[in-house]
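The structure that follows is given in the form of structure tokens.
Side chains are part of it too, since the values below use all heavy atoms of this structure and drop only hydrogens, waters and symmetry mates. Computed from a prediction, not measured in an experiment: that's the story for all the values here.
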Amino acid sequence: MALVTENPRAVFDLGEIERGHLLWGKHRTWNEGKAGFVTSATEDQLIVQYYPGIGNVTNHFIIPIAEAVDGQWEIRWSADMTEVKEYGIEVGGDQQEPEGVENDDTGGTDS
């Protein structure tokens, strides 16, 4: 057995995103995304500070690399809003119906 093995692993590209960048993120379990700014960026996680709408309070959320790679996050970010980059967002993808909602494909006409 080898003493040292090399395995490729997913990491955040710190040349693409860094502290101070604006970021909008939406976890698959959230109803809507949150916008804030990156306060910490490492190869393993991003920490984003945002305003939750409660007085003089701020909060944060963490995006682990494993969850980003697994497709659990939709992420948009920008250094200066002249170019907005996206990750994990399907353009023109089919959206699923919420559970418990039936889709009536009759065209909306009553017979």
How about His21 and Arg19: do any of their side-chain heavy atoms sit closer than 4.5 Å?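 In short, these two side chains do not touch, never coming nearer than 4.5 Å.
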Listing request: all ring pair (Phe, Tyr, Trp, His ring centres under 6.0 Å) pairs with a residue in residues 46-73, at least two apart in sequence or in separate chains.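 Found His27-Trp73, Trp30-Phe61, Trp30-Trp73, Tyr50-Phe61, Phe61-Trp73.
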Out of curiosity, Glu83 CD to Ser78 OG, how far, rounded to the nearest 0.5 Å?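 So the gap between those two atoms works out to 7.5 Å.
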Using a 4.5 Å cut-off on heavy atoms from C-beta on, say whether the side chain of Ser40 contacts that of Leu46.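 Leu46 does not reach Ser40 side chain to side chain.
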Same apolar cluster (I L V M F W Y, side chains within < 4.5 Å links), Ile75/Val11: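 No, no single cluster joins them.
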Would you say Trp77's side chain and Glu16's backbone share a donor-acceptor pair under 3.5 angstrom?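 Checked: pair present.
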For Gly15, is there any backbone N or O sitting under 3.5 Å from a side-chain donor or acceptor partner on Asp13?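 Answer holds: yes.
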Heavy-atom closest contact (Gly88 atom, Glu74 atom, distance):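 Scanning both residues completely, I find the closest heavy atoms to be O-CG, 3.7 Å.
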Take Ile47 and Val38, measure what side-chain contact (heavy atoms from CB on, under 4.5 Å) needs, and give me the verdict at the end. CA-CA 6 Å; Ile47 300 176; Val38 177; over 6 Å; no
Strictly below 4.0 Å, N to O, side chains only: are Arg9 and Glu43 in salt-bridge contact?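 Judged by the 4.0 Å cut-off on N to carboxylate O distance, Arg9 and Glu43 do form a salt bridge.
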Give, for atom CH2 of Trp24 and atom CD of Glu86, the distance between the pair rounded to the nearest 0.5 Å.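 One finds 9.0 Å between CH2 of Trp24 and CD of Glu86.
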Is the shortest heavy-atom distance from the side chain of Ile63 to the side chain of Leu23 under 4.5 Å?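 Side-chain contact under 4.5 Å: yes.
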So, Gln49 and Thr39: side-chain donor and acceptor under 3.5 Å apart, yes or no?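 Checked: Gln49/Thr39 side chains show no N/O donor-acceptor pair below 3.5 Å.
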Between the side chains of Thr42 and Asp44, does any donor sit under 3.5 Å from an acceptor?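 Their side chains do not contain a donor-acceptor pair, so the 3.5 Å distance test is not met.
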When rounded to the nearest 0.5 angstrom, what is the spacing between CZ in Arg76 and CG in Leu22?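 The CG atom of Leu22 is 13.5 Å from CZ of Arg76, to the nearest 0.5 Å.
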Could Lys26 and Glu32 be called an ion pair, given the rule that one side-chain N must be under 4.0 Å from one carboxylate O?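 Judged by the 4.0 Å cut-off on N to carboxylate O distance, Lys26 and Glu32 do not form a salt bridge.
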Same apolar cluster: Tyr87 and Ile65, side chain cutoff 4.5 Å: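 As far as the 4.5 Å side-chain criterion goes, Ile65 and Tyr87 are connected within one cluster.
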